[in-house]
Amino acid sequence: MTVADVSPASEGGAAARARGAGRRRAAGRVRLSRAVLVVPAVLAVALVVLPLLGLLAGTEWRGLPGRLADPSVRPAVRLSVVTTLVTVAVCWAFGTPLAWLLSRAEGRTATWLRAVLTVPVVLPPVVGGVALLLAYGRRGLVGQPLVDAFGLRIPFTPFAVVLAQVFVSLPFYVLAVEGAMRGIDRRLLEVSATLGARPLRVLTRVALPLAAAGIASGTALAWARALGEFGATITFAGNFAGETQTTSLLVYVALQDDPQTAVALSLVMLVVAVAVLGLLRGRWLR
Amino acid sequence: MTRRPGGAVALLALLLAGCGTTPDTASSTTPAGAGPSGPSGVTGEVTVLAAASLTTAFTTLAGSFEKANPGTTVRLSFGSSTTLAQQIAQGADADLYASAGTTALQQLGDAEPTATVTLARNTLEIATPAGNPAQVTSLADLARKDVDVVLCASSVPCGRAADEILAGAGVRAHVVSRELDVSSTLAKVTLDEADAAVVYHSDVVTAGDAVDGVEIPAAQNTTLTYPLLRFGDDAATTAFAAYLAGPEGARALRAAGFLVP
């Protein structure tokens, strides 16, 4: 607030007045340059907040419990809960070791792997769905042998829903956790190794606790991404109540003939998302 | 640092320019039989929202109309009739709206059409992957456990119609997915991921060799009418509406497998 403290000189004469005018001009320029930043910043906030307000304003609160009791809601929510939890478990089980190895690795292979893992992050989800079909579909790279050998069909099953979710969320998890593991002071790991800890023990006893915050935020990111997954799911897993119709798909389908149910479900998802964010903030994020 | 925003502005300008009208360079050759719109003097832009099943026919017709009437641009958007009706109710800019069946019209809200004509009719048909590997021959076969059936969602016209005829025939189909519009329903069969789908006859015709069609007998089938709703009176809109409802429209629609009155 130094700029605002400028007081008009009362006895300093012309030189002081000139200085004062100069300072005022400078103050004007500062205000202007601040406005140049503040106006777009406010617009940016509005672009994010307005749709959320729209959702709140468009909700018929009185009928809300009745909407959520709609028979289509429960199977979709249950499927979303189960599949996203399985996805998170897959991230932990397979993603954590990968993140650990990547964080230790130097060289070209690791760089390439990181680049490949980033692809689903930037890929339009529907393209991911097409890719999944071409891999696991009945005529797909892996899908056809599976059908031929075991009569196992992957699309249109809850397993396909999980595959789609893992495809889009595992990269988020691995990149977040790898970042956290890279941030660990190497000396701590080296000391525990010199004290006789084997690599697996170094990971579980030293690295994992130290990377807990990264693992938590990686998990939240991956889970949120899995919950919101739409394009790859509809393309690859299809849409069938109780089997592959997740909450996100139900919101879209309901919008066509029962918009208020779609709005009610959207609100629930918003609340859940905010709650997860809040929990994380309190526990790990600052 | 100054180069980057400059580049962004240039890109934006390019994008905005791309949104404008596209001049038709092949304007000197106006083909004979420009249709009921008569000698070309019509210019302007027409925005058409049409049921997914009309994709092939309307894309062809828009192209030939633009060629016959230099200076006109037809913007097409395809989707489920229900979604499109809701978009119009929410204020989407639409000069023409062609719906599969009439139930979606209830979703139009306050939007009042200036004129409505019936464009075409369509019936349902079973589509199977080429060669019909699961040997589906009737509606009753759709109940077989080894036949994976894909239908449109009940909220869109093709799904509602499929529900209706399956219920009428007393068939509990082995449904694995309910897609959001008829194009994605057919795609599951075209990609050979499903053994059968209930789609429109016109979809089977336009899909060509990619799928086989299994006809549903008239006694079990249903007929949907396709109304064309016009919003507004500008010359280009009126001309394209007349073109769709005229002999050129009828020819393209018939070629795409529709029944034309």
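Lettering follows sequence order; numbering is per chain, from 1.
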Undergrad: Got a sec: does the CZ of R74(A) have more than 12 other heavy atoms crowding it under 6.0 Å?
TA: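 Not buried by this count: 12 neighbours or fewer within 6.0 Å.
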Undergrad: Under a 4.5 Å heavy-atom cutoff, which of N239(A), L134(A), V147(A) has the most pairs with chain B?
TA: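 Heavy-atom pairs under 4.5 Å are most numerous for N239(A).
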Undergrad: Kindly compute the distance separating CG (D192(B)) from CG (L133(A)), expressed to the nearest 0.5 Å.
TA: 11.0 Å
Undergrad: Please classify the contact of I234(A) with chain B as side chain, backbone, both or neither, using a heavy-atom distance under 4.5 Å.
TA: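 Its backbone and side chain both get close to chain B.
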Undergrad: Is the backbone of L255(A) close enough, under 3.5 Å, to the side chain of Q86(B) for a donor and an acceptor to pair up by distance?
TA: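 The answer is yes, because a donor-acceptor pair under 3.5 Å joins these two groups.
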Undergrad: Rounded to the nearest 0.5 Å, how far apart are CD of E179(B) and OG1 of T235(A)?
TA: 8.5 Å
Undergrad: What distance separates L191(B) CG from F236(A) CZ, expressed to the nearest 0.5 Å?
TA: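 Here the interatomic distance stands at 12.0 Å.
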Undergrad: With rounding to the nearest 0.5 Å, note down the distance linking OG in S155(B) to OH in Y252(A).
TA: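 If I round to the nearest 0.5 Å, the distance is 9.5 Å.
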Undergrad: What part of L249(A) gets within 4.5 angstrom of chain B, counting heavy atoms only: side chain, backbone, both, or neither?
TA: neither
Undergrad: Could you tell me which portion of D181(B) (side chain, backbone, both or neither) has an atom closer than 4.5 angstrom to a non-hydrogen atom of chain A?
TA: neither
Undergrad: Which answer fits S184(B), side chain, backbone, both or neither, if we ask what part of it has an atom under 4.5 Å from a heavy atom of chain A?
TA: neither
Undergrad: For D146(B), look at atom CG and say whether over 12 heavy atoms of other residues, nucleotides or ligands are found less than 6.0 Å away.
TA: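 Counting other residues, nucleotides and ligands, CG of D146(B) exceeds 12 neighbours.
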Undergrad: Side chain, backbone, both or neither: which part of Q107(B) has an atom under 4.5 Å from a heavy atom of chain A?
TA: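 Just the side chain, heavy atoms under 4.5 Å.
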Undergrad: Roughly how far apart are E193(B) CD and I154(A) CD1, rounded to 0.5 Å?
TA: 10.0 Å
Undergrad: How about Y136(A): does its OH atom have over 12 heavy atoms from other parts shown lying under 6.0 Å from it?
TA: no
Undergrad: Indicate the atoms forming the closest heavy-atom contact of G238(A) with S177(B), along with that distance.
TA: CA-OG, 3.2 Å
Undergrad: In this structure, are over 12 heavy atoms from other groups packed under 6.0 Å from Q135(B) atom CD?
TA: no
Undergrad: Determine whether V176(B) and R153(A) make a side-chain contact, defined as any pair of heavy atoms from C-beta on separated by less than 4.5 Å.
TA: yes
Undergrad: When you look at CZ of F230(A), are more than 12 heavy atoms from neighbouring residues, nucleotides or ligands closer to it than 6.0 Å?
TA: yes
Undergrad: For the interface with chain A, which of V175(B), V150(B), T82(B), L151(B) has the highest count of heavy-atom pairs at distances below 4.5 Å?
TA: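 The option with the most such pairs is V175(B).
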